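Ligands are counted one by one from 1 in listed order, and the atoms in each one are counted from 1 as well. Being a predicted model, the structure only gives us computed values, none of them experimental.
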Amino acid sequence: MKFKTRKVETSRVGTVDFDHLSFGETFSDHMFQMDYAHGEWQEPQILPFGKIEVLPSLSTLHYGQSVFEGLKAFRSAKGGINVFRPEKHAERMYHSSDRLCIPRVDKQLFLDAVDALVTLDQEWVPSKKGTALYIRPFTFATEDYIGVRVSEKYSFFIITGPVGAYYKEGFNPVSLMTSGEFVRAVRGGLGEAKTAANYAASLLPAYEAKKRGYAQVLWLDALEEKYIDEVGTMNICFVKDNVLITPPLQGTILPGVTRDSVLQLARHWGVQVEERRISIDEVMSSIKDGSMTEVFGTGTAAVISPVGEIYHRGETAIVNGNRTGPLAQKLFDEITGIQSGERSDPFGWVHHVDI
Ligand SMILES: *Cc1c(COP(=O)(O)O)cnc(C)c1O
């Protein structure tokens, strides 16, 4: 699909220090925009990345009616660009949108828009190992109205930007602290939607955890404060007696694309997988008795994030001597190898863009 396009006069790509990329601070030349009004999506366009004008009465600013996605594109070893599982992200955005009463963006249009942006801003896709072009699609309510109801107007945007390698010198196992007095999500709430409000709820607990020296919060279920849900921005996996265990998708956790990839790969390799509730007591005691040998987070940003330490109510458990375990390493190598086109892609996860 060809989109109406207004290109930048001069690209900013020459000003970017591709050897020192961080996350989320640098944005490519162009963005995709499509507005919703009168009950339907209007003509999409690609235009220079830049300011948008809003009124202070913009409903999203007050009530958070918004959803987002996060996916990545990589330079392929075979030439061209690989986008990792874009269909799965487009489908997840349907579910998030439905929960927030936001009109869906057609999956094919989402995919075409990603392709068009990646092609147009191909110079922005970094090439060093571990780097990527981060792609951030999002939809938000744009009605100028501060009464509480479903908005009648929306904007859908896609912005992109190069991001650095998450691990510059090998894995860095992170430390987690259980959520204590706070909860993130409860069944029937917003936990399984990728929406701003979940992050708003997580900021204070994450800030408190950081002050105490922990990288992220390990969320326990809101009702019994007993079962593991997920980590701040990642899903979580455990290896106990060589079985890969992860909490089931029962409404409070985000159905991660990386989580799904990890489970498919593990099953493909013949690893026993259990999607079941697992309590923090089971985790703490089986780390201590040595039966739980690995804990790791899964998410688009880091792919795999080994956990080296868990703090829960005055007790600390050190996982695998604070080192990365073999399954975490193998999953990381395989998924990043598929993304970069260096390994075969048995599940057809990579969407290749010829440039
Ligand atoms: C995005 C996200 C994840 C990870 O999902 P991926 O699709 O693997 O990137 C996990 N938890 C939360 C709360 C998230 O927002």
Side-chain angles (χ1 to χ4, degrees), residues 23-24 64 66-74 83-97 99-100 107 110 114 132-139 158 160 163 166 174 176 179 182-187 189-206 209 215-222 227-238 244 246-266 275 295-307 328 331-332 334-336 338-339 347 349-351:
F23 179 86
S66 66
V67 294
F68 67 96
E69 269 305 320
L71 63 161
K72 280 179 171 174
F74 306 84
V83 187
F84 192 65
R85 307 194 71 181
E87 300 87 357
K88 193 89 180 152
H89 287 276
E91 285 162 13
R92 185 169 67 191
M93 202 162 176
Y94 279 177
H95 298 294
S96 301
S97 299
R99 179 63 181 83
L100 273 291
K107 178 168 146 185
F110 177 111
V114 167
L133 185 79
Y134 185 77
I135 302 169
R136 167 55 60 88
F138 56 107
T139 308
I158 306 177
T160 74
V163 295
Y166 201 89
V174 296
L176 305 180
S179 40
F182 300 106
V183 300
R184 187 191 94 95
V186 67
R187 208 171 300 167
L190 295 176
E192 62 185 352
K194 209 164 175 76
T195 182
N198 286 327
Y199 285 84
S202 75
L203 292 176
L204 176 61
Q216 290 207 37
V217 173
L218 178 60
W219 294 103
L220 302 182
D221 80 280
Y227 295 99
I228 310 280
D229 268 351
E230 61 177 316
V231 187
T233 56
M234 296 184 291
N235 297 114
I236 191 153
C237 292
F238 304 90
L244 178 63
T246 196
L249 302 176
Q250 288 180 337
T252 58
I253 73 177
L254 206 280
V257 175
T258 318
R259 174 188 183 280
D260 181 78
S261 308
V262 159
L263 297 185
Q264 280 194 54
L265 273 175
E275 289 179 72
V295 180
F296 53 89
T298 68
T300 294
V303 183
I304 300 291
S305 180
V307 174
L331 285 161
F332 179 81
E334 190 71 16
I335 294 173
T336 54
I338 292 171
Q339 290 172 332
F347 305 102
W349 287 336
V350 161
H351 170 71

Which ligand 1 atoms does N235 reach within 4.0 Å, using its non-hydrogen atoms? 10 (C)
Does any N or O in the side chain of Y227 come within less than 3.5 Å of the main-chain N or O of P247, such that one atom is a donor and the other an acceptor? no
Hey, is R259 close enough to E230 for a salt bridge, meaning N to O under 4.0 Å? no
Would you check the N or O atoms of T298, main chain and side chain alike, for any that come under 3.5 Å of an N or O of ligand 1? no
Is there a nitrogen or oxygen of H89 sitting under 3.5 Å from a nitrogen or oxygen of ligand 1? no
For atom 11 (N) of ligand 1, which protein heavy atom lies nearest, and how many Å away is it? E230 OE1, 2.6 Å
V257 N/O to ligand 1 N/O under 3.5 Å: yes
Can you check whether I236 reaches W219 side chain to side chain, under 4.5 Å on heavy atoms? no
Exactly one of K88, K194, R136, R92 clears side-chain hydrogen bond (donor to acceptor under 3.5 Å, both in side chains) with E69, and that residue is R92
Residue and atom name of the nearest protein heavy atom (relative to atom 15 (O) of ligand 1), distance in Å to one decimal: Y199 OH, 2.4 Å
Only heavy atoms count here, so choose which of N198, T258, T233 is nearest to atom 4 (C) of ligand 1. T233
Under a 3.5 Å cutoff, is there a donor and acceptor pairing between the side chains of R85 and S261? yes
Donor-acceptor contact below 3.5 Å, side chain T252 vs main chain V186: no
Option set M234, R259, R184, K194, criterion heavy-atom distance to atom 13 (C) of ligand 1, minimum: R184
With a 4.0 Å cut-off on heavy atoms, does G232 reach ligand 1? yes
List every atom of ligand 1 that sits less than 4.0 Å from any heavy atom of G256, numbering the atoms from 1 in the order shown and giving each element. 5 (O), 6 (P), 7 (O), 8 (O)
Shortest protein contact, atom 9 (O) of ligand 1 (heavy atom only): T300 OG1, 2.6 Å
Okay, side chain of N198, backbone of L190: is any donor-acceptor separation there less than 3.5 Å? yes
L254, portion touching ligand 1 at heavy-atom distance under 4.0 Å: side chain
One pair to check against ring pair (Phe, Tyr, Trp, His ring centres under 6.0 Å): Y134 and F23. What are the steps and the verdict? CA-CA 9 Å; Y134 185 77; F23 179 86; 5.0 Å; yes
Min N/O separation R92 to ligand 1 under 3.5 Å: yes
Between Y199 and F68, is the ring centroid distance below 6.0 Å? yes
